Enquirer: 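Quick one: the structure is below, questions incoming.
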Amino acid sequence: MAGVLLDGVAELKPLTILGVTGSIGKQTLDVARALRTEVAGIAAYRGSNQLLAIARELPAARVVVVAPSESEREQYLAALGSRVGFGQDELLALAAVPERIVINGVVGAAGLAPTVAGLRAGNRVALANKESLVAGGPVVVAAAASGEGEIIPVDSEHSALWQCLVGEQAAAVRRLILTASGGPFRGRTKDELRAVSVQDALAHPTWNMGPRITIDSATLMNKAFEVIEAHYLYAIPYDRIDVVVHPQSVVHSLVEFVDGTLKAELGDPDMRVPIQYAITYPERHQGPLDTFDLVGTTLDFEAPDRDVFPCLELGYWAGRTGRSAPAVLNAADEVAVAAFLAERIPFAAIADVVASTLNRVPVVDLSSVADVLAVDGEARKVAAEYVEVTERAG
Ligand code: MG
């Protein structure tokens, strides 16, 4: 089997895993173990016992804790000595160590600066942090274009599109088609969604993910973000990016070409597969999945209900508006989802808070990480006000 490497993968660059205690980070550790490749750096926001346990498993790795408590700082210094660093600057320095593959699994807008730092250092950034492209699209695209750095998407849909586009020319693409599982509330009416609980929304039918992205899947905001990411990753206009609901999550996305051919990437839903591909691309290595059983597999596709799930339309609106509008979309959604998870606002109010915030925050140009963070901060403030108004009216 030419091109398929079954042995050790010593030729891979060492990994730097940002957000190592999160869902993507832990699955990346699994992939690294399976590939027998070196993990040279790890970072997490807080100094949990879990992070310390991972650090002990990797005695040569540099460890960064972005925002430790005072006791965590002492505990880490005592346990790890000079191989631990603290704070945002240390995080960016870790992302900028050259000749590494940086897996960015940081959750939230905090993931943007390390993406840019990794790209500027000429690294491959295996990108799982949505905010990098959703909030900071123009800045990240410029950082990738400025040197040797490259973005390989980790998200299953964008990995699928990447795989369908390998060897193809941009002019041959008619449209990108992102699949959506539809989340736990597929087929519900607007009325039925008013009273859903946090528990209901956290029960995702096919993918096992962190809490914010699970809620974003339930509102379809996650798909809105993915449309925006696809726009920046593949430089395709929004009217040539479609979304189709596919409840089995077996087709991870498709590309339609100008001759009418459709290419799709299929497989069992398991994030370790696109994580591994982002690391080994352009090669493939043995992965975690068994042979796929096509017999008896049914694939269904339906249109998303844009009336019941208004977040999808908000995403297209913000994407087409461009500039800072997607950053506002993202920040407002993060605030609204946190308020829903804290049971301060109902599920249906998430879209209302986001729409109100998009209407109020002015759209500006983005040319630096600082620009993005300024917009992010302003949008959060405005969204928090709308959360309070909603809560008081509640
Ligand atoms: Mg996805």
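Predicted model, so just to flag it, every value in this text is computed and none were measured.
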Enquirer: Report the distance from atom CD1 of Ile152 to atom CD1 of Ile101, rounding to the nearest 0.5 Å.
Expert: 9.0 Å

Enquirer: Do Phe301 and Leu220 belong together in a cluster built from hydrophobic side chains that touch within less than 4.5 Å?
Expert: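 Phe301 does not cluster with Leu220.
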
Enquirer: Starting at CE of Met221, measure out to NZ of Lys130 and round the result to the nearest 0.5 Å.
Expert: 11.5 Å

Enquirer: Minimum heavy-atom separation for Ile241 and Ile236, please, with both atom names.
Expert: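 So the minimum-distance heavy-atom pair works out to CD1-O, 3.7 Å.
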
Enquirer: Should Asp333 and Arg212 be marked as a salt bridge (charged side-chain N to carboxylate O under 4.0 Å, His left out) after you check the CA-CA gap, both sets of side-chain angles, and the distance that decides it?
Expert: CA-CA 10 Å; Asp333 178 68; Arg212 180 184 175 203; 2.9 Å; yes

Enquirer: Using side-chain heavy atoms (C-beta onward) and a distance below 4.5 Å, is Leu202 in contact with Leu341?
Expert: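 Yes - at least one pair of side-chain heavy atoms lies under 4.5 Å apart.
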
Enquirer: Work out which heavy atom in Leu176 is nearest to a heavy atom in Ala230; give both atom names and the distance.
Expert: CD1-CB, 4.2 Å

Enquirer: Taking Cys164's backbone N and O only, do any of them form a donor-acceptor pair with Glu265's side chain (distance below 3.5 Å, no angle check)?
Expert: no

Enquirer: Would you say the side chains of Thr261 and Asp259 form a donor-acceptor pair under 3.5 Å?
Expert: yes

Enquirer: Does the His252 side chain pair with the main chain of Glu157, one donor and one acceptor, at a distance under 3.5 Å?
Expert: no

Enquirer: Within the distance-only criterion (no hydrogens, no angle test), does the side chain of Asp376 pair as donor or acceptor with the backbone N or O of Val372 below 3.5 angstrom?
Expert: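 Checked: no pair found.
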
Enquirer: Report yes or no: do Leu80 and Val97 belong to one cluster of Ile/Leu/Val/Met/Phe/Trp/Tyr joined by side chain heavy-atom distances under 4.5 Å?
Expert: no

Enquirer: What do you reckon, is CD of Glu148 surrounded by more than 12 foreign heavy atoms closer than 6.0 Å?
Expert: no

Enquirer: Between Phe347 and Phe185, what is the ring plane arrangement, given parallel below 30°, perpendicular above 60°, and tilted in between?
Expert: perpendicular

Enquirer: Between Val107 and Val354, is there shared hydrophobic-cluster membership here, with clusters defined by ILVMFWY side-chain heavy atoms closer than 4.5 Å?
Expert: no

Enquirer: Within the 4.5 Å heavy-atom criterion, are Val166 and Pro282 side-chain neighbours or not?
Expert: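 No, side chains not in contact.
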
Enquirer: Is the closest side-chain heavy-atom distance between Phe292 and Leu266 below 4.5 Å?
Expert: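 When only atoms from C-beta onward are counted, Leu266 and Phe292 do not touch, as no gap falls below 4.5 Å.
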
Enquirer: Please tell me whether Leu254 and Val243 are part of a single hydrophobic cluster in this structure, the criterion being side-chain heavy atoms less than 4.5 Å apart.
Expert: no

Enquirer: For Asp290, look at atom CG and say whether over 12 heavy atoms of other residues, nucleotides or ligands are found less than 6.0 Å away.
Expert: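 Incorrect, the count does not exceed 12.
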
Enquirer: Output the distance between atom CG (Leu161) and atom NZ (Lys263), rounded to the nearest 0.5 Å.
Expert: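 That separation rounds to 11.5 Å.
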
Enquirer: Between Asp30 and Lys26, is the closest basic N to carboxylate O distance under 4.0 Å?
Expert: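 Here Lys26 does not pair with Asp30 in a salt bridge, since their nearest N and O are not under 4.0 Å apart.
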
Enquirer: Restricting to pairs with a member in residues 99-115, which pass salt bridge (Lys or Arg N to Asp or Glu O under 4.0 Å), not counting sequence neighbours?
Expert: Lys13-Glu99

Enquirer: Atom CG in Leu15, atom CD1 in Ile42: separation rounded to 0.5 Å?
Expert: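 Going from CG on Leu15 over to CD1 on Ile42, the span is 12.0 Å.
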
Enquirer: What I'd like to find out is whether the side chain of Ser69 reaches to under 4.5 Å of the side chain of Arg46, using heavy atoms alone.
Expert: yes

Enquirer: OG/Ser159 to CD/Gln276 distance, rounded to the nearest 0.5 angstrom?
Expert: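 The distance works out to 11.0 Å.
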
Enquirer: Please assess Leu329 against Trp317 for the test side-chain contact (heavy atoms from CB on, under 4.5 Å), listing each intermediate value before the final yes or no.
Expert: CA-CA 10 Å; Leu329 177 85; Trp317 184 87; over 6 Å; no

Enquirer: Does the side chain of Leu262 reach to within under 4.5 Å of the side chain of Ile177, using non-hydrogen atoms?
Expert: yes

Enquirer: Does anything in residues 337-354 pair up under salt bridge (Lys or Arg N to Asp or Glu O under 4.0 Å), and if so which pairs, sequence neighbours excluded?
Expert: Arg344-Glu391

Enquirer: Is there a donor-acceptor pair closer than 3.5 Å between any side-chain N or O of Asp305 and the backbone N or O of Gly187?
Expert: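 No, because the side chain of Asp305 does not come within donor-acceptor range (under 3.5 Å) of the backbone of Gly187.
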
Enquirer: Give a yes or no on whether the backbone of Ser23 and the side-chain of Gln27 come within a donor-acceptor separation of less than 3.5 Å.
Expert: yes

Enquirer: Look at the side chain of His158 and the backbone N and O of Leu233, then say whether any donor-acceptor pair between them is shorter than 3.5 Å.
Expert: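 No; judged by distance alone, with no hydrogens or angles, the pair does not exist.
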
Enquirer: List the atom of Val251, the atom of His246, and the distance in Å for their closest heavy-atom pair.
Expert: N-NE2, 2.9 Å

Enquirer: Find out whether Val245 and Ser181 are in side-chain contact, i.e. whether some heavy atom of one side chain is under 4.5 Å from a heavy atom of the other.
Expert: no

Enquirer: If you take the centroid of each ring, where Trp contributes its six-membered ring, are Trp162 and Tyr281 closer together than 6.0 Å?
Expert: yes

Enquirer: Indicate yes or no for a side-chain donor-acceptor contact from Ser146 to the backbone of Ala143 under 3.5 Å, with no hydrogens or angles considered.
Expert: yes

Enquirer: Can you list the residues that meet the salt bridge (charged side-chain N to carboxylate O under 4.0 Å, His left out) rule with Arg83, with sequence neighbours excluded?
Expert: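 Expected list: none.
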
Enquirer: Check whether any side-chain N or O of Asn104 sits under 3.5 Å from a backbone N or O of Gly111 as a donor-acceptor pair, and report yes or no.
Expert: yes

Enquirer: Start with the C-alpha gap between Glu90 and Val65, add the side-chain angles, then the distance that decides, and say whether side-chain contact (heavy atoms from CB on, under 4.5 Å) holds.
Expert: CA-CA 8 Å; Glu90 289 282 344; Val65 189; over 6 Å; no

Enquirer: Would you compute the distance between atom CD of Glu131 and atom CD of Glu229 and round it to the nearest 0.5 angstrom?
Expert: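 Rounded to the nearest 0.5 Å, the CD-CD separation comes out at 8.5 Å.
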
Enquirer: Does a sphere of radius 6.0 Å around OH in Tyr232 hold more than 12 heavy atoms from other residues, nucleotides or ligands, not counting ones at 6.0 Å or beyond?
Expert: yes

Enquirer: Taking the side chain as every heavy atom from C-beta outward, state whether Asp371 and Val139 have any atom pair closer than 4.5 Å.
Expert: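 A side-chain contact is absent here, since even the closest heavy-atom pair is not under 4.5 Å.
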
Enquirer: Mark yes or no for whether Asp200, through its side chain, and Ser197, through its backbone, hold a donor-acceptor pair below 3.5 Å.
Expert: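 Pair found, side chain donor or acceptor close to backbone of Ser197.
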
Enquirer: Between the side chain of Arg188 and the main-chain N/O of Val308, is any donor-acceptor distance below 3.5 Å?
Expert: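 Here the side-chain-to-backbone pair does not exist.
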
Enquirer: Could you check whether Glu334 and Asn330, counting side-chain N and O atoms only, form a donor-acceptor pair closer than 3.5 Å?
Expert: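 No, no side-chain donor-acceptor pair sits under 3.5 Å.
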
Enquirer: Write down the atom of Val20, the atom of Ile54, and the distance for their closest heavy-atom approach.
Expert: O-CD1, 4.1 Å

Enquirer: side-chain contact (heavy atoms from CB on, under 4.5 Å) between Ile279 and His285: does it pass, once the steps are laid out?
Expert: CA-CA 10 Å; Ile279 292 169; His285 294 262; over 6 Å; no

Enquirer: What closest approach, in Å, do Asn123 and Ala95 show between heavy atoms, and which atom pair accounts for it?
Expert: ND2-O, 3.1 Å

Enquirer: Given the rule in the side-chain contact (heavy atoms from CB on, under 4.5 Å) test, do Tyr386 and Val335 qualify, once you have shown the distances and angles that lead to the verdict?
Expert: CA-CA 10 Å; Tyr386 284 114; Val335 170; over 6 Å; no

Enquirer: Does Val328 belong to the same Ile/Leu/Val/Met/Phe/Trp/Tyr cluster as Val363, with side-chain heavy atoms less than 4.5 Å apart forming each link?
Expert: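 Looking at the clustering, Val363 is in a separate group from Val328.
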
Enquirer: Would you call Lys381 and Glu378 a salt bridge, taking side-chain N to carboxylate O under 4.0 Å as the test?
Expert: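 Between Glu378 and Lys381 there is no salt bridge, as every charged N stays at least 4.0 Å from the carboxylate O atoms.
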
Enquirer: Are any non-hydrogen side-chain atoms of Val173 and Phe257 less than 4.5 angstrom apart?
Expert: yes

Enquirer: If every non-hydrogen atom of Ala349 is compared with every non-hydrogen atom of Thr390, which pair is closest and at what distance?
Expert: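 The pair with the smallest heavy-atom distance is CB-CG2, 3.8 Å.
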
Enquirer: Using the rule side-chain contact (heavy atoms from CB on, under 4.5 Å), only one of Leu193, Leu314, Thr219 pairs with Phe309; which is it?
Expert: Leu193

